[in-house]
**Student:** 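A single structure is presented below for examination.
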Amino acid sequence: QNFLKKMSDEIMEWFYFLSPILLMTAFWFMFGDKILGRREPERRRTEPPPKKVDPKDYIFLTKEQLKEFDGKTREDKKTYLAIKNDIFDVSGNTDMYGPEGSYGCFAGKEVSIAMAKNSTKPEDINTPYESVKLNISYTDSLESWYGFFEGKYPMIGKVVEDKKNQ
């Protein structure tokens, strides 16, 4: 009996010693990030993929015709831009590509070179991308931007030299 009493006293002593440490550790794991001002990483909003347009329903526009789709010229306010001669409908994002948008200068234009160079310079916008030899860094940037647009906006057509060949 004396042995059991002594054993239980030792266990209780350890319990009293360790319980504040265990409590502080649990508290730190639960609230430490908030105490240090760290925020939980923001969750990326997942948007549904763009509506796929059947290639047989593509529109074919010359660069001159594409200019009409700048978000202000046409009555329907459609906004298109082209990357690698593929036309994307960006009408749903007027904050970015509308007339007053951050990248409104891209609306109604072929913007491959501007995208590759991450540029909004007029000389990079509407430059035929086949006519410019891009280095590997610009090529990677262009492919990345193309993938972004492909995943976010419907690709609805192609830019062509002239309508006679269609």
**Student:** So, do D95 and E100 sit near enough that their side-chain heavy atoms are less than 4.5 Å apart?
**Tutor:**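 No, every pair of side-chain atoms sits at 4.5 Å or beyond.
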**Student:** For the OG atom of S91 and the CZ atom of R74, what is their distance to the nearest 0.5 Å?
**Tutor:**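 Atom-to-atom, S91:OG and R74:CZ are 9.5 Å apart.
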**Student:** What's the shortest heavy-atom distance between P50 and G151, and which atoms?
**Tutor:**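 Result for this residue pair: CD-O, 2.9 Å.
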**Student:** In terms of hydrophobic clusters joined by side-chain contacts under 4.5 Å, are M30 and F27 together?
**Tutor:**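 In one cluster with M30: F27, yes.
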**Student:** Give the cluster check for W28 versus L18: same hydrophobic cluster or not, with ILVMFWY residues linked at side-chain heavy-atom distances below 4.5 Å.
**Tutor:**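 W28 and L18: separate clusters.
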**Student:** Which heavy-atom pair separates T79 from A107 by the least distance, and what is that distance?
**Tutor:**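 Shortest heavy-atom separation between T79 and A107 comes out as CG2-CB, 3.6 Å.
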**Student:** Taking side-chain contact (heavy atoms from CB on, under 4.5 Å) as the definition, give me every residue that meets it alongside E13, ordered by chain and number, with sequence neighbours left out.
**Tutor:**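 side-chain contact (heavy atoms from CB on, under 4.5 Å) list for E13, sorted by chain: empty.
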**Student:** Using 0.5 Å steps for rounding, measure from the CD1 atom of I83 to the CD atom of E110.
**Tutor:**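 These two atoms lie 8.0 Å from each other.
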**Student:** Would you compute the distance between atom CD of E150 and atom CZ of F88 and round it to the nearest 0.5 angstrom?
**Tutor:**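 Spacing of CD (E150) from CZ (F88) equals 6.0 Å.
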**Student:** Let me see the working for K117 and D124 under side chain to side chain contact (heavy atoms under 4.5 Å, CB included), right down to the final yes or no.
**Tutor:** CA-CA 8 Å; K117 294 181 175 184; D124 294 328; 3.5 Å; yes
**Student:** Side chains of D70 and T73: is there a donor and an acceptor less than 3.5 Å apart?
**Tutor:**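 Checked: D70/T73 side chains pair up, N/O donor to acceptor below 3.5 Å.
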**Student:** Decide whether S8 and E10 meet the rule of one side-chain donor and one side-chain acceptor closer than 3.5 Å.
**Tutor:**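 E10 and S8 do not have a side-chain donor-acceptor pair below 3.5 Å.
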**Student:** I'd like to check the side-chain contact (heavy atoms from CB on, under 4.5 Å) partners of T94; sequence neighbours left out, ordered by chain and number.
**Tutor:**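 Partners of T94 by the side-chain contact (heavy atoms from CB on, under 4.5 Å) criterion come out as none, since no residue qualifies.
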**Student:** Would you please indicate if the ring centroids of Y80 and F69 are separated by under 6.0 Å?
**Tutor:**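 Ring centres of F69 and Y80 closer than 6.0 Å.
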**Student:** Does K77 offer a backbone N or O that forms a donor-acceptor pair with the side chain of E75 under 3.5 Å?
**Tutor:**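 No, because the side chain of E75 does not come within donor-acceptor range (under 3.5 Å) of the backbone of K77.
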**Student:** Indicate the atoms forming the closest heavy-atom contact of S112 with N85, along with that distance.
**Tutor:**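 Where S112 meets N85 most closely, the heavy atoms are OG-N, 4.4 Å.
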**Student:** Out of curiosity, L134 CG to E130 CD, how far, rounded to the nearest 0.5 Å?
**Tutor:**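 Spacing of CG (L134) from CD (E130) equals 10.5 Å.
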**Student:** Is D76 salt-bridged to K78, cutoff N-O under 4.0 Å?
**Tutor:**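 Salt bridge between D76 and K78, a charged N being under 4.0 Å from a carboxylate O: no.
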**Student:** Quick one, L23 and T25 - any side-chain contact, counting heavy atoms below 4.5 Å?
**Tutor:**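 Not in contact.
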**Student:** Taking the hydrophobic residues Ile, Leu, Val, Met, Phe, Trp and Tyr, and joining any pair whose side-chain heavy atoms are under 4.5 Å apart, which ones share a cluster with Y16?
**Tutor:**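 M12, F15, which link up through side-chain heavy atoms under 4.5 Å apart, make up the rest of the cluster.
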**Student:** Find out whether I156 and Y58 are in side-chain contact, i.e. whether some heavy atom of one side chain is under 4.5 Å from a heavy atom of the other.
**Tutor:**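 I156 vs Y58: side chains apart.
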**Student:** Any chance you could measure K133, atom NZ, to Y129, atom OH, to the nearest 0.5 Å?
**Tutor:**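 If I round to the nearest 0.5 Å, the distance is 12.5 Å.
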**Student:** Taking the cut-offs as 6.0 angstrom to the six-membered ring centre and 45 degrees off its axis, would you call K84 and Y146 a cation-pi pair?
**Tutor:**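 Yes, cation above the ring, under 6.0 Å and within 45°.
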**Student:** Using a 3.5 Å distance criterion without hydrogens, assess whether the side chain of N135 forms a donor-acceptor pair with backbone atoms of Y138.
**Tutor:**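 Flag set: sc N135 to bb Y138 pair under 3.5 Å.
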**Student:** Just so I know, are the side chains of L61 and V160 near enough to count as touching, which here means a heavy-atom distance under 4.5 Å?
**Tutor:**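 L61 vs V160: side chains apart.
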**Student:** Just to verify, which of L66, D86, V111 counts as forming a side-chain contact (heavy atoms from CB on, under 4.5 Å) with L81?
**Tutor:**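 With L81 as partner, side-chain contact (heavy atoms from CB on, under 4.5 Å) holds for just one option, V111.
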**Student:** Side chains of K63 and P128: does their closest heavy-atom pair fall under 4.5 Å?
**Tutor:**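 Result yes, sub-4.5 Å side-chain heavy-atom pair found.
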**Student:** Main chain of T62, side chain of Q65: is a donor-acceptor contact present, judged purely on distance under 3.5 Å?
**Tutor:**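 Checked: pair present.
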**Student:** Can you find a pair of side-chain heavy atoms, one from D140 and one from E143, that are under 4.5 Å apart?
**Tutor:**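 In short, these two side chains do not touch, never coming nearer than 4.5 Å.
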**Student:** Determine whether S141 and N118 make a side-chain contact, defined as any pair of heavy atoms from C-beta on separated by less than 4.5 Å.
**Tutor:**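 Yes, at least one pair of side-chain atoms sits under 4.5 Å.
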**Student:** Relative to each other, are the rings of W145 and F149 parallel, tilted or perpendicular (30° and 60° limits)?
**Tutor:**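 Answer is tilted, since the angle falls between 30° and 60°.
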**Student:** Quick one: do D89 and Y153 satisfy side chain to side chain contact (heavy atoms under 4.5 Å, CB included)? Show the steps, please.
**Tutor:** CA-CA 6 Å; D89 183 350; Y153 303 105; 5.9 Å; no
**Student:** Counting neighbours of CD on E123 that are heavy atoms of other residues, nucleotides or ligands and sit closer than 6.0 Å, is the number greater than 12?
**Tutor:**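 Yes - once you tally the heavy atoms of other residues, nucleotides and ligands closer than 6.0 Å, there are more than 12.
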**Student:** Could you tell me whether Y103 atom OH has more than 12 heavy atoms of other residues or ligands within 6.0 Å of it?
**Tutor:**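 Counting other residues, nucleotides and ligands, OH of Y103 stays at 12 neighbours or fewer.
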**Student:** Roughly how far, to the nearest 0.5 Å, is the OH atom of Y97 from the SG atom of C105?
**Tutor:**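 It is 10.0 Å, given to the nearest 0.5 Å.
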